[in-house]
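Okay, structure first, notes after.
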2 protein chains.
Amino acid sequence: MTTRWLSPDEQRAWRAYIAASLLLEDTIDRQLQQEAGMPHLYYSILANLSETPERRLRMTDLAEGLKITRPRLTYAVARLEKDGLVRRESCQWDKRGSVAVLTDEGMAVLERAAPGHVETVRAALIDRLTPEQVRQLEEIFTSVTEGLLGEEGASGEMPWRRRSSPSCS
Amino acid sequence: MTTRWLSPDEQRAWRAYIAASLLLEDTIDRQLQQEAGMPHLYYSILANLSETPERRLRMTDLAEGLKITRPRLTYAVARLEKDGLVRRESCQWDKRGSVAVLTDEGMAVLERAAPGHVETVRAALIDRLTPEQVRQLEEIFTSVTEGLLGEEGASGEMPWRRRSSPSCS
DNA sequence: TAGGTTTGCTTCAAACTTGAACCAAGCCCC
DNA sequence: GGGGCTTGGTTCAAGTTTGAAGCAAACCTA
């Protein structure tokens with residue numbers, strides 16, 4: 001089958017996306033690195049933990065929520081633990097499991113960093129869009145995520161997807 | 001000034017974007033790594049070079065076009081050079097400068113990899129969108145790029161922006 | 001035209017990411 | 001209840017990215 005190349009419109013859209021997403025991630029990483037001493041992903045880990053009732057999450061659930069591989073999470077949590085922002089406990093019900101818990105210090109760091117982060121996200125993205133565009137953004141990328149998570153097993157098993165399991169609180 | 005937190009709509013849009021962009025980059029990196037033995041960025045370097053009349057570009061122009069820092073480009077080109085896909089020449093008019101040139105082998109690798117890459121981009125993104133959404137995507141991210149490149153100097157000088165210079169062909 | 005600044009690019013060490021093992025705990029099932 | 005498979009998580013080596021220096025060529029400007 002002969003390749004369906006991208007049309008000029010599609011090219012432009014794809015390239016605009018690539019360029020902007022690189023710039024955006026760089027901007028956010030830089031801002032958080034400056035103000036909180038950690039890259040975006042690490043901030044997101046703290047943020048995710050802070051949103052659960054007990055401020056704790058199993059490693060696998062965390063990795064799945066963040067859409068990252070498990071080795072990557074292990075490394076990141078190790079660093080956060082070394083900094084005292086997260087603590088690791090082993091899961092009682094499943095002795096293989098381990099649980100990341102947000103410490104008070106981690107919560108404090110998160111709260112200190114949040115305003116600057118939100119401000120950056122607004123300045124770089126959200127405040128540049130109309131409410132209509134915000135809606136479009138959500139729709140487009142929700143559909144992309146569904147597509148990428150849905151097709152698993154078809155070609156190239158993705159390492160993220162995991163069945164859910166008790167939070168082990 | 002009290003922080004303007006993200007509204008629920010904005011939250012959802014932001015998170016949808018973050019999740020999808022991670023999945024998307026992972027998918028594309030994995031596909032290119034498999035079929036071309038290189039990550040997306042390295043493929044983009046080859047692609048950018050292939051689009052110039054002489055298949056050559058100054059390092060700085062390349063970095064600016066790709067929205068990456070120069071050390072990152074230096075490293076990447078070094079690897080591509082080691083693989084014989086790119087050659088480095090020094091610029092005649094400006095002896096500080098150096099120019100990356102796509103070799104025939106590099107061109108061949110690029111052409112071999114392109115169909116699979118386009119197929120992946122379509123499957124993961126483009127073909128999941130309506131033409132209208134493709135247009136929206138372009139508009140949204142073009143505006144983001146303009147915003148991020150425009151504000152330079154305001155806060156935190158970005159290391160990409162460089163005045164243009166002769167291609168040194 | 002000497003001296004200081006800027007520009008183009010590389011180098012370096014430290015941090016991060018990746019994919020492939022690896023290990024131990026649960027599961028299955030005869 | 002002893003193999004064999006799966007699952008949850010870590011470890012390891014190799015590759016990549018980052019930011020801060022470093023270095024030399026070009027560009028002032030007096």
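Here is the naming used below: chain letters follow the sequence lines, and residue numbers restart at 1 for every chain.
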#### Entry: Under 4.0 angstrom between A:Ser98 side-chain N/O and D:dT10 OP1 or OP2
yes
### Task
Grab the stems for DNA chain D, please: at least three consecutive Watson-Crick or wobble pairs, both distances below 3.5 Å, written as range with range.
C:1-30 with D:1-30
### Query
Which residues pass the salt bridge (charged side-chain N to carboxylate O under 4.0 Å, His left out) test with A:Arg128, sequence neighbours left out?
none
### Summary
Applying side-chain contact (heavy atoms from CB on, under 4.5 Å) to B:Pro39 and not counting sequence neighbours gives B:Asp29, B:Gln33, B:Tyr42, B:Arg79
#### Entry: Rounded distance in Å - NZ (B:Lys82) to P (D:dA14)
13 Å
## Note on the structure
salt bridge (charged side-chain N to carboxylate O under 4.0 Å, His left out) filter on A:Arg15, not counting sequence neighbours, yields B:Glu51
#### Entry: Gap separating the CH2 atom of A:Trp14 from the CG atom of A:Leu6, nearest 0.5 angstrom
8.5 Å
Can you give me every donor-acceptor pair (side chain of residues 96-110 of chain B, partner residue at least two apart or in another chain, under 3.5 Å) with its distance?
unit_1   : atom_1 : unit_2   : atom_2 : d
B:Arg96  : NE     : B:Asp94  : OD1    : 3.0
B:Arg96  : NH2    : B:Asp94  : OD2    : 2.8
B:Thr103 : OG1    : B:Gly84  : O      : 2.8
B:Thr103 : OG1    : B:Leu85  : O      : 3.1
B:Thr103 : OG1    : B:Glu105 : N      : 3.4
B:Thr103 : OG1    : B:Gly106 : N      : 2.9

#### Entry: Side chain of A:Thr69 (C-beta onward), nearest among C:dT17, D:dT16, C:dT18
C:dT18
### Query
Which whole-number value in Å describes the distance from A:Asp26 CG to C:dC16 P?
15 Å
### Partners meeting salt bridge (charged side-chain N to carboxylate O under 4.0 Å, His left out) with B:Arg135 (sequence neighbours left out)
B:Glu132
## Note on the structure
So salt bridge (Lys or Arg N to Asp or Glu O under 4.0 Å) across residues 107-118 of chain B, not counting sequence neighbours, yields none
Got a list of protein N/O to nucleotides 23-28 of chain C N/O distances below 3.5 Å?
unit_1 : atom_1 : unit_2  : atom_2 : d
C:dG26 : OP1    : A:Lys95 : N      : 2.9

List the atom pairs, with distances to 0.1 Å, where a side-chain N or O of residues 115-123 of chain B and a protein N or O form a donor-acceptor pair under 3.5 Å, not counting sequence neighbours.
unit_1   : atom_1 : unit_2   : atom_2 : d
B:Thr120 : OG1    : B:Gln31  : OE1    : 3.4
B:Thr120 : OG1    : B:Gly116 : O      : 2.9
B:Arg122 : NE     : A:Arg4   : O      : 2.8
B:Arg122 : NH1    : B:Asp127 : OD1    : 2.8
B:Arg122 : NH2    : A:Trp5   : O      : 2.8
B:Arg122 : NH2    : A:Glu10  : OE1    : 3.0

### Query
Quick one: which of D:dT10, D:dT17, C:dT17 gets closest to the side chain of B:Arg72?
D:dT17
### Query
With B:Arg12, which residues qualify under side-chain hydrogen bond (donor to acceptor under 3.5 Å, both in side chains), at least two apart?
A:Glu138, B:Asp9
### Query
Do any of residues 73-81 of chain A sit with a heavy atom less than 4.0 Å from DNA chain C, and if so which?
A:Tyr75, A:Arg79
### Message
Considering only residues two or more places apart or on different chains, which pairs with a residue in residues 60-87 of chain A satisfy ring-ring contact (aromatic ring centres under 6.0 Å, His included)?
### Response
none
### Message
Both A:Asp29 and A:Arg88 contact DNA chain D. Taking the nearest nucleotide for each, which residue is further toward the 5' end?
### Response
A:Arg88
### Task
Name the residue closer to the 5' end of DNA chain C, choosing between A:Met38 and B:Gly97 according to the nucleotide with the nearest heavy atom.
B:Gly97
### Message
Side chains of B:Thr130 and B:Gln133, heavy atoms from C-beta outward: is any pair under 4.5 Å?
### Response
yes
